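Presented below is the structure to which this report refers.
Both ligands and their constituent atoms are indexed starting at 1 by order of listing. Basis for what follows: all heavy atoms, side chains included, without hydrogens, waters or symmetry-related copies. Not measured: the values here are computed from a predicted model.
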Amino acid sequence: MSQRSQQLGLVGSGPALPRHVAIIMDGNGRWANRRGLPRRLGHRMGVEAVKRTVRAAIELKIPYLTLFSFSSENWARPASEIDDLMGLLKRFIRSDLQELHQAGVAIRVIGERGRVDSELLSLIDEAQALTRNNQALTLVIAFNYGARAEIAAAARRLAERARCGEIDPAAITETTLAQELHTSGVPDPDLLIRTSGEQRLSNFLLWQAAYAELVFMDVKWPDFGREQLLEAVSIFQARDRRYGGLAKEVLGS
Ligand code: IPE
Ligand code: IPE
Ligand code: MG
């Protein structure tokens, strides 16, 4: 057995796998800078890392994978870089949609639609409609996504429904608020990975990641793939998730 498949054997037969892995794909620009290349090449290589990671998630039978690909704050970047990032998502959907569909991937895009060009919006609609019944993996792409805006919009919708008398404000709970988020129906992430060495959430899944295990890795996103996903999963499997309770050893004694 090769070292690689052994590694999969270990994570596959060990403690529970995460049901939902969310990744802040960071470090494309630095990956390129270090090689004297333009940032756009870092982003282009980042798409290859996305493909490797999707394949590995399917192989591992992780049911949900969320990838942060453009934040609501990324509009602060130069227009040319924003164009490159929009172009890459368009190209990814155009060239890989059939293959993702055949592999049983359901694509779901979360984030604000405003400011996203209509050509990209229709590609997103097409990808979601084509793949909606697929079962192997739900690939959630967070594009033009910001968690604070998402939570504010959910609060606004609940307030509007309360004003119309549709709901009683006293009946608003964590569950009803979560149902108004873009991620409604998607389980909370168990494992949240950020690459590139930065250790912050940058406005990603602030509500949903309340009890996610955070794993920060030094690898820059274009160098991420199956091996790095397996490494993060094995770090996750060694964690003791207490949810405010007591450690397993304490309970057992
Ligand atoms: C992540 O890489 C991709 C996006 C945020 C769109 P960056 O572009 O942030 O790369 P660094 O952080 O500048 O290296
Ligand atoms: C977070 O990375 C957003 C994405 C990965 C899409 P950034 O590079 O934009 O985050 P900051 O600016 O370092 O916090
Ligand atoms: Mg960055």
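Taken together through direct or relayed side-chain contacts under 4.5 Å among Ile, Leu, Val, Met, Phe, Trp and Tyr, Tyr145 and Leu120 form parts of separate hydrophobic clusters.
Here Asn33 has no heavy atoms under 4.0 Å from ligand 1, in either its backbone or its side chain. Contacts between Arg39 and ligand 1, counted as non-hydrogen atom pairs separated by less than 4.0 Å, involve the side chain only. Proximity of Phe204 to ligand 2, defined as any heavy-atom pair under 4.0 Å, is not found for any part of the residue. Only the side chain of Arg194 comes within 4.0 Å of ligand 2, counting heavy atoms alone; its backbone N, CA, C and O stay farther away.
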Criterion side chain to side chain donor-acceptor pair (under 3.5 Å) on Gln179 and Ser184, from CA distance to verdict: CA-CA 5 Å; Gln179 282 164 353; Ser184 167; over 6 Å; no

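For atom 6 (C) of ligand 2, the nearest non-hydrogen atom of the protein is Phe68 O, 3.4 Å. If you check which protein heavy atom lies closest to atom 9 (O) of ligand 2, you get Asn74 ND2, 2.9 Å. At the shortest separation from atom 14 (O) of ligand 2 among protein heavy atoms lies Ser202 OG, 2.6 Å. In terms of protein heavy-atom proximity, atom 5 (C) of ligand 2 is nearest to Met25 O, 3.4 Å.
A salt bridge does not link Asp190 to Arg19: none of the charged nitrogens lies less than 4.0 Å from a carboxylate oxygen. A salt bridge links Arg94 to Glu119: one of the charged nitrogens lies within less than 4.0 Å of a carboxylate oxygen. Taking 4.0 Å as the cut-off between side-chain N and carboxylate O, Arg113 and Asp125 count as a salt-bridged pair. A salt bridge links Glu48 to Lys51: one of the charged nitrogens lies within less than 4.0 Å of a carboxylate oxygen.
A salt bridge (Lys or Arg N to Asp or Glu O under 4.0 Å) with Lys90 is found for one member of Asp117, Asp96, Asp84 and no other, namely Asp117.
Heavy atoms of Arg77 approach ligand 2 to within less than 4.0 angstrom. For the pair Ser69 and ligand 1, a heavy-atom separation below 4.0 Å is found. Residue-ligand proximity: Glu198 is placed with every non-hydrogen atom at 4.0 Å or more from ligand 2. In this structure, Ser196 falls outside the shell of residues with a heavy atom less than 4.0 angstrom from ligand 1.
Within the cation-pi definition used here (under 6.0 Å to the ring centroid, within 45° of the axis), Arg35 qualifies as a partner of Trp31.
Under the 4.0 angstrom criterion, atom 12 (O) of ligand 2 counts as lacking any protein heavy-atom contact.
The atoms of ligand 1 that sit less than 4.0 Å from any heavy atom of Leu85 are 6 (C). In the vicinity of Arg200, heavy-atom distances shorter than 4.0 Å reach the ligand 2 atoms 11 (P), 13 (O), 14 (O).
Asp188 and His20 share no side-chain donor-acceptor pair at under 3.5 Å.
By the 30° and 60° cut-offs, the orientation of the rings of Phe70 relative to Trp75 is perpendicular.
In summary, Asp26 places an N/O/S atom under 2.8 Å from the Mg ion (ligand 3), meeting the contact criterion.
The shortest N or O to N or O distance between Trp31 and ligand 1 is not below 3.5 Å. Close N/O approach between Phe70 and ligand 1 is not found [any backbone or side-chain N/O within under 3.5 Å].
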